[in-house]
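Data block below; observations after.
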Amino acid sequence: MKRAALVPILVSLLVVLLIQAPGASAHTELILSDPAEGAVLGVDPPEVLLAFSEELIPDTVSVSVADGTGFVVTVAAPDVDGADVSFPWPPALTGPDYTVNYRVVSQDGHPVSGSLSFTGGVPAPASASAVPSLAVAAPSAAPSDSTGSPSESADTSASPAADGSGIPSGAIIAVAVGLAIGIAVGFVLIGRRRRVGAP
């Protein structure tokens with residue numbers, strides 16, 4: 001009778017041990033993330049969320065983000081709420097390919113590390129309109145009056161060269177030559193008169 005009474009008790013203890021054994025051997029793991037692994041986004045996310053299967057020790061959580069160029073930004077103080085970790089997106093990253101690296105320790109003291117990758121916003125190429133254009137100024141036409149004829153300034157620029165008095169230089173030369181001829185003729189006539197009047 002005593003042995004028969006112990007059988008149900010032993011069976012119950014065995015069932016309890018079998019049920020608790022998987023839970024005791026299981027470790028903390030990442031069960032959800034936003035952005036998700038391999039996601040392709042049109043823009044960089046405003047923040048990142050990591051959800052784990054067990055509560056975490058806040059002081060043991062460390063997160064860093066690397067972009068496609070290899071530049072790494074370490075998140076100084078991620079927000080830890082039970083089993084969830086969140087942090088705002090670092091603005092210094094240039095993308096578009098990102099990798100989030102994490103290391104956490106659950107309440108049972110087991111450390112877990114891992115990473116997830118996704119594609120964020122693709123930088124827009126430089127627009128052709130942003131390149132300054134070089135404009136060549138065309139020579140301006142001569143101003144005209146209401147009748148369409150060239151202005152007086154245009155007539156002045158087209159007139160023959162003149163000296164400061166406004167008289168054309170050709171007229172001055174002609175007058176000078178005429179005076180020289182007249183003076184020479186006068187000297188010749190005066191010389192002849194003196195010869196005729198001489199004894």
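Only this structure's heavy atoms are used, side chains among them; waters, hydrogens and symmetry mates stay out. Predicted model, so just to flag it, every value in this text is computed and none were measured.
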_Within-4.5 Å side-chain heavy-atom neighbours: P45 and W89_ =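 With C-beta onward as the side chain, the pair touches.
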Which heavy atom in [X] sits nearest to a heavy atom in [Y], and how many Å separate them?
X    : Y    : result
S117 : E37  : N-OE1, 2.9 Å
L56  : Q107 : O-NE2, 3.1 Å
N101 : S115 : OD1-CB, 3.2 Å
P111 : R103 : CB-NH2, 3.5 Å
L49  : S86  : CD1-CB, 4.2 Å
G121 : P96  : O-CB, 3.4 Å

*asked:* Filter on ring pair (Phe, Tyr, Trp, His ring centres under 6.0 Å), then keep only pairs touching residues 59-87, sequence neighbours left out; what's left?
replied: none
*Stepwise, does the side-chain contact (heavy atoms from CB on, under 4.5 Å) test hold for T119 with L41?*
CA-CA 6 Å; T119 301; L41 310 177; over 6 Å; no
*At what distance, to the nearest 0.5 angstrom, does CG of D34 lie from CD of E47?*
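Reported to 0.5 Å precision, the distance equals 8.0 Å.
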*asked:* For the CG atom of L32 and the CG atom of L50, what is their distance to the nearest 0.5 Å?
replied: 9.0 Å
*Worked check of side-chain contact (heavy atoms from CB on, under 4.5 Å) between F52 and V85*: CA-CA 8 Å; F52 294 87; V85 178; 4.0 Å; yes
*Is there a chain of hydrophobic side chains (I, L, V, M, F, W, Y, each step under 4.5 Å between heavy atoms) that links L30 to V104?*
yes
*Same cluster or not: are Y102 and L93 linked, directly or through other Ile, Leu, Val, Met, Phe, Trp or Tyr residues, by side-chain heavy atoms under 4.5 angstrom apart?*
yes
_Does the plane of the ring in F118 sit parallel, tilted or perpendicular to the ring in Y98? Use 30° and 60° as the thresholds._
tilted
_I need the full list of side chain to side chain donor-acceptor pair (under 3.5 Å) pairs touching residues 65-81, with sequence neighbours left out, sorted by first then second residue._
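Residue pairs passing side chain to side chain donor-acceptor pair (under 3.5 Å), neighbours aside: D67-T69, D67-T94.
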*Only one of V100, V48, T99 forms a side chain to side chain contact (heavy atoms under 4.5 Å, CB included) with L116, so which one is it?*
V100
*Under the 3.5 angstrom rule, does the side chain of S53 hit a backbone N or O of E29 as a donor-acceptor pair?*
yes
